Amino acid sequence: MDNNREILYLYYGLKKTKIEKLKQLVEWIWGTFFKTYLFSGKGIGALYFLSYSRKDYEKFMCAVYEECDIEKSWLYVKVINRVNFYNFKNFFKNLFKISKLRTIEIPKYNPYDETQYFTCDIIDVLIIYLGVIRYLGIENSLKSFDFSDATSIVVLCDVWETEHMLVNYANGLGLVTISCQHAIFHPGIYNNTMHFLNFWEVPSKFIFTWGVNSKKMYEKNNRNIDCRICGNPIISKIMKPDEVNLIGIAADIPLYKEYNENMIEIVQKFARIYNFKVVIRLHPTDSEENYKIDEKMCCFGEDLEKAKFIVGHTTTMIITYLASGKKVLKYESDIPYFEVGSDMCFNSLESFKLCYNSLENIDFNKLAENEIQYIAGDSKMRYRDEFNKILNKYYN
């Protein structure tokens with residue numbers, strides 16, 4: 001097992017308070033000793049795999065799958081509640097090693113203080129150790145699957161634990177390993193979080209990126225990686241007519257709840273004055289119960305395409321909507337993000353009014369080009385061509 005990336009992934013996922021840590025420890029004990037991974041599928045040709053059940057991820061992987069002309073199939077995993085004797089054995093076999101582990105201090109991102117350090121205690125060390133045991137259990141489960149007729153592995157993100165172990169295992173078998181891009185990355189945002197691991201010590205031999213900037217980041221951090229720009233095939237130009245009195249909000253991850261609240265409050269104040277309606281699209285991991293809104297003018301929903309313009313903070317959806325042709329304004333904060341024009345940034349009601357008055361004068365089309373170079377049909381063609389080039393080279 002390649003330790004660095006997996007252990008850091010576990011480290012950056014550690015909770016901070018005692019109660020959160022104890023809850024996390026219980027979850028890891030259950031997940032390590034009482035869950036078993038079972039892999040299934042035809043195991044023929046290019047194997048496509050996705051461990052996360054999320055609509056946008058599934059839609060993306062299905063679109064990429066359709067563009068592969070070479071023999072292909074899906075690889076599935078089922079996690080069942082069953083005593084994992086292999087993990088029990090490994091845990092006690094290597095338990096003495098835990099006493100030799102020293103606690104470490106690595107900067108973990110705090111939205112209010114990037115220099116803040118968190119010191120590992122014995123609970124943290126146990127959680128990391130349990131994580132390593134679970135990783136080894138996933139690897140052992142992969143040994144039961146027949147890869148003899150497989151040519152390659154295609155995943156959406158090789159930093160996720162199951163995908164990471166699959167890619168490493170496939171590399172050991174001599175298969176071609178390809179990882180796609182699932183989000184927009186920016187080094188200034190992710191220096192001290194697990195997100196920088198997306199492009200650090202990448203195990204996949206090939207990376208299909210959305211645009212130039214992501215390609216540069218992968219190549220900067222991985223000398224031998226082969227990056228191909230393919231874009232995002234599930235983004236297309238939005239043809240729906242704009243509703244004159246509708247504003248869309250693309251909210252951030254739950255970690256940035258305070259920023260989400262501030263952004264929503266400014267937009268609601270503006271909406272009251274100028275008689276707008278507001279639709280809020282929450283991050284898939286967030287919940288409506290976390291926010292108080294004015295239900296007379298505001299509601300939660302997923303479809304922001306009809307909005308006259310959209311507001312965001314640091315979400316990938318800012319770039320996604322820009323690439324699809326929508327007008328987007330950015331809530332400005334101390335969290336780093338891609339450089340955008342000052343005329344589209346706000347942090348108060350007054351600056352929001354100024355942005356709104358400049359909407360028709362901003363060239364939104366150019367802002368997304370370096371992040372998402374191809375969309376829709378052009379992107380699909382790129383995936384098809386790159387799959388054919390790579391797999392024909394290796395297997396013909």
Side-chain angles (χ1 to χ4, degrees), residues 2-9 12 46 48-49 57 60-61 64 67-68 106-107 109 152-160 163-168 170-172 174-235 314 316 318-320 322-323 336-340 366-375 378-394:
D2 170 17
N3 287 327
N4 294 336
R5 203 181 192 216
E6 292 97 325
I7 290 176
L8 278 176
Y9 185 78
Y12 282 113
Y48 285 72
F49 178 77
Y57 292 168
F60 182 95
M61 284 297 283
V64 171
E67 297 312 312
C68 181
I106 301 177
Y109 186 69
S152 56
I153 298 292
V154 183
V155 300
L156 178 57
C157 173
D158 63 15
V159 77
W160 297 333
E163 276 82 348
H164 193 110
M165 297 311 298
L166 172 61
V167 169
N168 275 335
N171 283 336
L175 301 180
V176 173
T177 50
I178 301 170
S179 181
C180 301
Q181 181 178 340
H182 74 288
I184 296 289
F185 307 127
H186 187 283
I189 304 173
Y190 300 130
N191 283 340
N192 296 332
T193 73
M194 69 170 66
H195 297 284
F196 89 92
L197 296 175
N198 282 292
F199 46 87
W200 182 74
E201 290 197 2
V202 174
S204 296
K205 295 172 184 173
F206 296 89
I207 297 289
F208 289 174
T209 71
W210 292 358
V212 175
N213 285 348
S214 295
K215 182 176 186 289
K216 288 179 179 177
M217 275 189 281
Y218 276 107
E219 291 176 339
K220 178 182 177 182
N221 292 277
N222 304 273
R223 290 183 179 180
N224 299 318
I225 204 161
D226 189 334
C227 289
R228 314 286 178 98
I229 300 175
C230 296
N232 189 324
I234 63 173
I235 298 175
T314 66
T316 293
I318 290 177
I319 303 297
T320 300
L322 284 171
Y337 196 65
F338 306 96
E339 289 186 14
V340 296
K366 289 186 177 181
L367 293 172
E369 287 179 358
N370 287 332
E371 302 304 332
I372 304 177
Q373 194 162 338
Y374 307 100
I375 63 172
D378 291 339
S379 175
K380 290 178 180 179
M381 188 180 300
R382 295 288 298 186
Y383 280 98
R384 186 184 308 119
D385 290 345
E386 296 302 340
F387 276 131
N388 289 338
K389 288 177 187 175
I390 292 169
L391 297 180
N392 282 328
K393 176 183 177 181
Y394 274 79

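Just so it is clear, the structure is predicted and the values come from calculations on it, not from any experiment.
No side-chain heavy atom of Glu371 sits less than 4.5 Å from a side-chain heavy atom of Leu322. Looking only at side-chain heavy atoms (C-beta outward), Ser152 and Phe206 stay at 4.5 Å or farther from each other. Residues Tyr374 and Cys230 are not in side-chain contact: their nearest non-hydrogen atoms beyond the backbone lie 4.5 Å or more apart. Contact check for Val154 versus Cys68: no side-chain heavy atoms found under the 4.5 Å cut-off. A heavy-atom distance below 4.5 Å is not found between the side chains of Phe208 and Val64.
For the residue pair Asp226 and Arg228, the shortest heavy atom distance occurs at OD1-NE, 2.7 Å. Nearest heavy atoms, Ser204 versus Thr177: CA-OG1, 3.6 Å. Of all non-hydrogen atoms in Gln181 and Ser214, the two that sit nearest each other are NE2-OG, 2.9 Å. Closest non-hydrogen pair, Val155 versus Leu166, comes out as CG1-CD2, 4.2 Å. Taking all atoms of both residues into account, the shortest heavy-atom contact from Glu163 to Cys157 is CB-O, 3.2 Å. Closest of all the heavy-atom pairs between Asn171 and Pro203 is ND2-O, 2.9 Å.
Atom CD in Gln373 sits 13.0 Å away from atom CG in Asn232 (nearest 0.5 Å). To the nearest 0.5 Å, atoms CG (Asn221) and NZ (Lys216) are separated by 14.0 Å. Distance check: Glu386 CD to Glu67 CD gives 13.0 Å after rounding to the nearest 0.5 Å. Separation of atoms CD1 (Ile225) and CZ (Arg223) is listed at 14.0 Å; rounding is to 0.5 Å.
A donor-acceptor pair is defined here as one N or O able to donate and one able to accept, closer than 3.5 Å; no such pair exists between the side chain of Trp210 and the backbone of Ile184. Here the side chain of Tyr48 pairs no donor or acceptor atom with the backbone of Leu156 at under 3.5 angstrom. Checked by atom type and distance alone, the side chain of Lys205 pairs as donor or acceptor with a backbone atom of Leu175 at under 3.5 Å. Checking side-chain atoms of Asp158 against main-chain N and O of Ser179 turns up no donor-acceptor pair under 3.5 Å.
By the side chain to side chain donor-acceptor pair (under 3.5 Å) test, Tyr57 pairs with Arg54, sequence neighbours left out.
Among Ile178, Val202, Asn222, Ile229, the single residue meeting the side-chain contact (heavy atoms from CB on, under 4.5 Å) criterion with Ile207 is Val202.
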